[in-house]
Structure formats: C-alpha cells, structure tokens
Amino acid sequence: MAGHNKWSKVKHIKARVDAKRGKVFSRLARDIAVAARDGGGDPDLNPRLRQAIDSAKSQSVPKDNIERAIKKGTGELGGEAIQELTYEGYAPGGAAIIAEVASDNTNRAAADIRSIFNKNNGNLGSSNSVAYLFDRKGEIRIPAESATEDEILEHALDAGAEDVFSDEDDHVVLTPHDQLAAVADGLREKNLQISSQQLVYIPQTTVRVDDKSDAAGIIRLINALEDYEDTVNVSSNFETSEEILETVAG
C-alpha cells in the first residue's frame, strides 16, 4: 500500500498545521451525528458512536454539543437528515481527487464543492469519473505509543485485517470495506485504543507530480476541500518528492 503511505504523509502535514478549534469541534460533532444516524444514539450499542464521542471528549468538546450532535443524527431535532455525498474531480497536474461530504443541505454542498474546485484550478467531474482509480478500504488508526508494530500486526491479522503499516504518529490498519466494524471490534477486544475508524479511498496507482507549482496547486485544493465544514475525508492519487511536499505543504 505504498500509495496510501505517501498520501498519509500529505494528510499528516496538513493535520499538524490545522489547529482551528471551532472547525475541529464542528467536524467532531458531524462525526457523532453520522455515527448516530447509522447505528443509533446509544453508545453502548454503537461502537462507532462511542469512539466518536471519546474523540470529541479528548478535544474538550462540551457535553451539550455532543448531546445535540447525537440528537441531530437520530432525527430528534427535526430538520433535514444528514446525507453522505461523494464528489470526484481532478487537481492541477492531473491528480485525481475524491471529496466525501456529510451535509443536511445537499444543494448548498454541491455548489460549495464546485466553487472550491473552480477557485483552485481544479475540475469537478461526474460520478465515477475518478473513483475507478481507487479501492474502497476500511482504515483504523491506533496511536503509535499504545503498542508495538509486531503486536498490532498480530492482533490486526487475527481480527481479519488486510494490511498494517506504521508511521511516527499511528499504526494504520487496512481492512476490506465491509469488515471495518468487525476488525475494529476485534482490536477493541484486545484493549487497543482506536483513535479513528473510517472508510477511505486508496489509489491503485499514483500520479507523480514533480512541478512545484502544480504540487502547490494540488495542496491548496486539498486544503480548501478539507477546510470545508461538511467534509468527511479527501483522497488523492497525488505523489511528489519529499522535498517538494515539505516545501509546498509548509
């Protein structure tokens, strides 16, 4: 999964410089709402919701915000239901982009995402215009300090994972897309702390971009999409050198 390794570096550089508290709260609340919508509002019966709540608490999200997000997800607050949407397109330099969004206003989200692509010299495509270049997988992240790489590998494979790799922050466990919850539950049974679990798009092959201007344009588009309040995840098959990546992402 070399492509996934490289893409993780892009996302981790973004994460290190992304410390806007209000946006973090909004994204955590949305994660809670989506989890509650899919699996119900009882965290004892919904592991994904329990994890989302734990993540929110670790970031000091107020209790009222958490409870409101749960009620929004289960429909107790009324209004439009949250829907998950996928947008596909191309960035400068020909890299493919997939943006996953969860929104209670699909018309607004579609217009906003199109505007982000246009303003950053990207091209929004139609459904499956780039999705065929990716594989859908489950991704589970476990803090690097919580266990050794060998321990994670043993437990993950026993639980049904496909692949495991580690970086300086996390152990990353990849699963078949329909086995994410089962593998995550198996890891929890081993008392492993899961910091996130989600479905992701992993590129089958990567597009090498060695032009610094194009690489900077791709990073700007990715940042703009990730900064959008309803974004769940952004994936790309973009690859460049470590030197260019550090320069333009910084």
Item checked: All side-chain contact (heavy atoms from CB on, under 4.5 Å) counterparts of R188, not counting sequence neighbours -> P47, R50, Q51, A184, D185, I194, Q197
Next item on the list: Go through the steps for I97 and Y87 under the test side-chain contact (heavy atoms from CB on, under 4.5 Å), then give the verdict.
Entry: CA-CA 8 Å; I97 300 281; Y87 299 96; over 6 Å; no
Margin query: To the closest 0.5 Å, what do you measure between CG (L187) and CG (N191)?
Written below: 11.0 Å
Next item on the list: Would you sort out whether N121 and L221 count as a side-chain contact (heavy atoms from CB on, under 4.5 Å), showing the intermediate values?
Entry: CA-CA 8 Å; N121 299 315; L221 174 56; over 6 Å; no
Item checked: A95 versus S236, closest heavy-atom pair with distance -> CB-OG, 4.1 Å
Checklist line | Contact check, side chains of Q204 and D135, non-hydrogen atoms, under 4.5 Å | finding: yes
Checklist line | N-O pairing of R141 and E139 below 4.0 Å | finding: yes
Check: What pairs with D230 under side-chain contact (heavy atoms from CB on, under 4.5 Å), at least two apart in sequence or on another chain?
Finding: V101, S103, R108, Y228
Check: Step by step, would you call I53 with I70 a side-chain contact (heavy atoms from CB on, under 4.5 Å)?
Finding: CA-CA 9 Å; I53 292 172; I70 293 173; 3.9 Å; yes
Check: If you measure from OG on S196 to CG on D54, what distance do you get to the nearest 0.5 Å?
Finding: 13.0 Å
Next item on the list: Find out if a path of hydrophobic residues (ILVMFWY) with successive side-chain heavy-atom gaps under 4.5 Å connects F165 to L153.
Entry: no
Notebook entry, point to check: Do you reckon L225 sits in the same ILVMFWY cluster as V207, going by side-chain contacts under 4.5 Å, direct or chained?
Noted result: yes
Item checked: Pairwise side-chain contact, V164 with L174, heavy-atom cut-off 4.5 Å (strictly under) -> no
Check: Side chain of N46, backbone of G40: donor and acceptor closer than 3.5 Å?
Finding: yes
Next item on the list: Give, for atom CG of D211 and atom CD1 of I244, the distance between the pair rounded to the nearest 0.5 Å.
Entry: 7.5 Å
Item checked: Side chain N120, main chain I116, donor-acceptor under 3.5 Å -> yes
Notebook entry, point to check: CD1 of I222 to CZ of F238: how many Å apart, nearest 0.5 Å?
Noted result: 6.0 Å
Check: How far does OG1 of T86 sit from CD1 of I113, to the nearest 0.5 angstrom?
Finding: 10.5 Å
Check: Can you list the steps and then say if S241 with E243 is a side-chain hydrogen bond (donor to acceptor under 3.5 Å, both in side chains)?
Finding: CA-CA 5 Å; S241 69; E243 180 182 1; 5.2 Å; no
Note to self: I need the full list of salt bridge (Lys or Arg N to Asp or Glu O under 4.0 Å) pairs touching residues 116-132, with sequence neighbours left out, sorted by first then second residue.
What the structure shows: none
Item checked: Residues R114 and D112 bridged, charged N to O under 4.0 Å -> no
Margin query: Minimum heavy-atom separation for A96 and N237, please, with both atom names.
Written below: N-OD1, 2.8 Å
Item checked: Point-to-point distance, once rounded to the nearest 0.5 Å, from CD1 of I142 to OG of S166 -> 9.0 Å
Note to self: Filter on side-chain hydrogen bond (donor to acceptor under 3.5 Å, both in side chains), then keep only pairs touching residues 143-156, sequence neighbours left out; what's left?
What the structure shows: T148-E151
Check: Would L49 and L45 show up in the same hydrophobic cluster when neighbours are defined by side-chain heavy atoms closer than 4.5 Å?
Finding: no
Notebook entry, point to check: Under 3.5 Å, is there a donor-acceptor pair between the side chain of R48 and the main chain of D31?
Noted result: no
Checklist line | Exercise: identify the closest heavy-atom pair between D170 and S195 | finding: OD1-OG, 4.1 Å
Margin query: Are R68 and L77 packed together at the side-chain level, in the sense that at least one heavy-atom pair is separated by less than 4.5 angstrom?
Written below: yes
Notebook entry, point to check: Would D104 and K72 pass as an ion pair if we require N to O under 4.0 Å?
Noted result: yes
Checklist line | Same apolar cluster: V172 and V200, side chain cutoff 4.5 Å | finding: yes
Next item on the list: For the residue pair I98 and V234, establish whether any side-chain heavy-atom pair is separated by less than 4.5 Å.
Entry: no
Check: Can you name the nearest heavy-atom pair linking A156 to V173, along with the distance?
Finding: CB-CG1, 3.9 Å
Note to self: If I compare all heavy atoms of I32 with all of A56, which pair ends up nearest, and what's the gap?
What the structure shows: CD1-CB, 3.8 Å
Next item on the list: Given side-chain contact (heavy atoms from CB on, under 4.5 Å), test Y90 with L124 step by step and report yes or no.
Entry: CA-CA 7 Å; Y90 285 95; L124 185 63; over 6 Å; no
Note to self: What I'd like to find out is whether the side chain of T175 reaches to under 4.5 Å of the side chain of K137, using heavy atoms alone.
What the structure shows: no
Checklist line | Closest approach of A102 to I82 (non-hydrogen atoms, all atoms of both residues) | finding: CB-CG2, 3.9 Å
Next item on the list: Could you list the residues that satisfy side-chain contact (heavy atoms from CB on, under 4.5 Å) with R136, not counting sequence neighbours?
Entry: E100, H177, L199, Y201
Next item on the list: Apply side-chain contact (heavy atoms from CB on, under 4.5 Å) to S129 and list each qualifying residue two or more places apart in sequence or on a separate chain.
Entry: E88, S126
